[in-house]
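The block underneath contains the structure these notes are about, expressed in structure tokens.
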Amino acid sequence: MKAMILNSYGEAAMFEAADLPDPVAKAGHVVVKIAATSVNTVDTMIRAMGSDLPLSPALPAVLGMDFAGTVSAVGSDVSGFAIGDEVYGCAGGLADFQGALAEFMTVDTQLIAHKPKSISMREAAAMPLVGITAYEGLQRAGITAGQKILVQGGAGGVGHVALQLAKHFGADVYATGTGDKQIDVIKSFGATPIDFAVEKIADYVAKYTDGAGFELIFDTVGGANMSNSFEAAALNGNIASTVALLEIDLSPAHVKGLSLHIVFMLLPMLHNHNRQAHGDILSKLATIIDAGALKPLLDEQEFGLPEVGDAYARLSSGKAIGKVVVEV
């Protein structure tokens with residue numbers, strides 16, 4: 001099979017075309033013919049940092065976590081999937097799992113689900129990592145109908161999915177962004193936009209919550225922005241974060257009695273821990289998508305497998321609006 005591989009790591013590491021042996025279905029797994037894969041920030045981190053990240057695969061490496069495609073072979077002890085089924089998932093591209101930048105990959109059936117019928121393969125490939133992350137974060141933070149929710153980074157990959165899911169769950173949703181493009185994305189998904197470069201936290205908390213603060217905050221920006229989430233949160237509020245690799249003063253969280261939920265969705269794949277939860281979430285997301293309540297946003301630029309380096313550069317440039325997808 002054809003694949004794009006890395007023979008070295010680093011910011012300037014180049015993807016190279018290679019012919020690799022076709023994968024074989026093993027017990028509990030299926031082989032998927034890949035139609036498309038999306039590029040996530042963690043993919044670019046793996047390429048740049050290599051062995052400095054414990055989850056990076058050994059070289060030569062086939063990256064690509066998210067995918068959508070068609071089942072081409074079924075291993076033993078597999079139920080619920082058959083040859084010809086269209087599926088999607090996040091199931092490779094790290095540790096010793098071959099990724100999706102190839103014509104075929106072997107995947108654990110616990111980590112996949114049947115593809116939503118109402119969207120394309122390109123759109124489906126954009127959904128797994130961000131969709132699972134957004135769903136898990138909202139659920140762990142205890143989302144309920146009627147809550148006032150703030151999504152930090154509402155036009156980003158996880159953010160634009162989180163705000164749609166929050167609306168689906170009946171919340172009153174607000175989201176931060178800046179610039180006309182980001183504000184338009186947030187509006188297009190039915191949330192109230194907050195331009196963080198213009199509006200002070202105290203001002204928008206007073207404006208939208210009568211000074212009480214947001215009951216749930218999904219912080220997809222993280223880093224120093226987590227202090228902003230503490231400031232914007234209500235007493236006994238919940239904060240879900242996908243970017244918590246920092247040292248921070250928790251005093252503001254203490255005096256408000258806040259609960260902090262760290263979401264690292266790669267744990268089930270890395271540690272073979274409760275993997276079926278990801279398959280179950282993907283099935284629920286497919287139902288929500290097919291009901292018309294959730295749609296992935298794709299960047300306007302399109303890439304084929306030989307152009308994967310350009311796709312990584314597009315995401316790293318910060319100019320992409322929506323998920324960057326590579327068709328295989």
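If you're wondering where the values come from, they're calculated on a predicted model, not measured in any experiment.
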> For the side chain of R275 and the backbone of M269, is there at least one donor-acceptor N/O pair under 3.5 Å apart?
Replying inline: yes
>> I'd like to know if the side chain of K256 and the backbone of F230 have a donor-acceptor N/O pair within less than 3.5 Å.
In response: yes
> Which atom names give the shortest non-hydrogen contact between Q182 and G177, and what distance separates them?
Replying inline: OE1-CA, 3.4 Å
> CD1 of I149 to CG of L216: how many Å apart, nearest 0.5 Å?
Replying inline: 4.5 Å
> Are the side chains of L294 and V161 in touch, meaning some heavy atoms are under 4.5 Å apart?
Replying inline: yes
>> Please find the pair of heavy atoms, one from A212 and one from V205, that lie closest to each other, and give the distance.
In response: N-CG1, 4.5 Å
> Is a donor on one side and an acceptor on the other found under 3.5 Å between the side chain of S38 and the backbone of D66?
Replying inline: no
>> Measuring only between side-chain heavy atoms, which start at C-beta, is P60 closer than 4.5 Å to I5?
In response: yes
>> Taking the six-membered ring for Trp, are Y88 and H114 closer than 6.0 Å centroid to centroid?
In response: no
>> With a sphere of 6.0 Å drawn around CG of D180, does it hold more than 12 non-hydrogen atoms of other residues, nucleotides or ligands?
In response: no
> Which is it for H29 and V78 under the side-chain contact (heavy atoms from CB on, under 4.5 Å) test, yes or no, and what are the steps along the way?
Replying inline: CA-CA 7 Å; H29 292 63; V78 170; 5.8 Å; no
> In the single-linkage hydrophobic clustering (I, L, V, M, F, W, Y; side-chain heavy atoms under 4.5 Å), do L235 and F214 co-cluster?
Replying inline: no
> Taking the side chain from T37 and the backbone from L101, do they hold a donor-acceptor pair closer than 3.5 Å?
Replying inline: no
> Mind checking whether L266 and M65 have side chains closer than 4.5 Å, heavy atoms only?
Replying inline: yes
>> Whether the side chain of S283 engages the backbone of G279 through a donor-acceptor N/O pair (distance < 3.5 Å, no angle test) should be reported.
In response: yes
> Looking only at heavy atoms, what is the nearest atom pair of D52 and P54, with distance?
Replying inline: O-CD, 3.8 Å
>> Between I289 and I119, is there a side-chain heavy-atom distance shorter than 4.5 Å?
In response: yes
>> Quick check: is L59 connected to M45 through a chain of hydrophobic side chains (ILVMFWY, heavy atoms under 4.5 Å apart)?
In response: yes
> With distance as the sole test, does K323 use its side chain to make a donor-acceptor pair with the main-chain N or O of V39 at under 3.5 Å?
Replying inline: no
>> Evaluate S241 against H261 for side-chain contact (heavy atoms from CB on, under 4.5 Å), listing each step before the verdict.
In response: CA-CA 6 Å; S241 176; H261 308 268; over 6 Å; no
>> According to a hydrophobic-cluster definition based on side-chain heavy atoms being under 4.5 Å apart (Ile, Leu, Val, Met, Phe, Trp, Tyr only), do L282 and L270 belong together?
In response: yes
> Just by distance, do the side chain of H160 and the backbone of V185 share a donor-acceptor pair under 3.5 Å?
Replying inline: no
>> Between the side chains of R122 and E327, is the shortest nitrogen-to-carboxylate-oxygen separation below 4.0 Å, so that they form an ion pair?
In response: yes
> D299: what forms a salt bridge (Lys or Arg N to Asp or Glu O under 4.0 Å) with it, not counting sequence neighbours?
Replying inline: R314
>> With heavy-atom distances below 4.5 Å as the criterion, would you say the side chains of V107 and F97 are in contact?
In response: no
>> The test is side-chain hydrogen bond (donor to acceptor under 3.5 Å, both in side chains); show your working for D172 and Y174 and say whether it passes.
In response: CA-CA 7 Å; D172 183 12; Y174 303 79; 2.9 Å; yes
> So, for T106 and V24, which heavy atoms are closest and what is the spacing to 0.1 Å?
Replying inline: OG1-O, 3.4 Å
>> Between L258 and N236, is the side-chain contact (heavy atoms from CB on, under 4.5 Å) condition met? List the steps.
In response: CA-CA 5 Å; L258 303 180; N236 292 328; over 6 Å; no
> So do F81 and V87 actually touch side chain to side chain, heavy atoms under 4.5 Å?
Replying inline: yes
> Which of parallel (below 30°), tilted (30 to 60°) and perpendicular (above 60°) describes F169 and Y135?
Replying inline: perpendicular
>> Among K115, K117, K295, which residue satisfies the salt bridge (charged side-chain N to carboxylate O under 4.0 Å, His left out) criterion with E123?
In response: K295
>> Can you confirm whether F15 sits close enough to R47 that some side-chain heavy atom of one is under 4.5 Å from a side-chain heavy atom of the other?
In response: yes
> Hydrophobic cluster mates of L298, side-chain heavy atoms under 4.5 angstrom, ILVMFWY only, any path?
Replying inline: V325
> Would you say the side chains of S229 and Q152 form a donor-acceptor pair under 3.5 Å?
Replying inline: yes
>> Please find the pair of heavy atoms, one from A102 and one from G99, that lie closest to each other, and give the distance.
In response: CB-O, 4.4 Å
> Would you say E103's side chain and K33's backbone share a donor-acceptor pair under 3.5 angstrom?
Replying inline: no
> Do the side chain of H254 and the main chain of L250 share a donor and acceptor less than 3.5 angstrom apart?
Replying inline: no
> So how far is it from N40 CG to Y312 OH, rounded to the nearest 0.5 Å?
Replying inline: 8.5 Å
>> I need the L315 CG to S317 OG distance, nearest 0.5 Å.
In response: 7.5 Å
>> Whether the side chain of E199 engages the backbone of F196 through a donor-acceptor N/O pair (distance < 3.5 Å, no angle test) should be reported.
In response: no
> Above 12 or not: heavy atoms from other molecules or residues under 6.0 Å from NZ of K26?
Replying inline: no
>> Please say yes or no: joined through hydrophobic side-chain contacts below 4.5 Å, possibly via intermediate residues, are L163 and I194 part of one cluster?
In response: no
> When rounded to the nearest 0.5 angstrom, what distance separates CG in D108 from CD in Q276?
Replying inline: 8.5 Å
>> Nearest 0.5 Å, please: how far is CG in N225 from OG1 in T176?
In response: 6.5 Å
> Can you hop from F67 to F104 via hydrophobic side chains spaced under 4.5 Å?
Replying inline: yes
>> Would you compute the distance between atom OG of S56 and atom CG of L94 and round it to the nearest 0.5 angstrom?
In response: 8.5 Å
> Can I83 and V74 be said to form a side-chain contact (heavy atoms from CB on, under 4.5 Å), step by step?
Replying inline: CA-CA 7 Å; I83 293 174; V74 178; 4.0 Å; yes
> Considering residues, nucleotides and ligands other than M1, do more than 12 of their heavy atoms fall under 6.0 Å from its CE?
Replying inline: yes
>> Quick check: closest heavy atoms across L6 and M14, and the distance to 0.1 Å?
In response: CD2-O, 3.4 Å
> Does a side-chain heavy-atom distance below 4.5 Å link V62 with L20?
Replying inline: yes
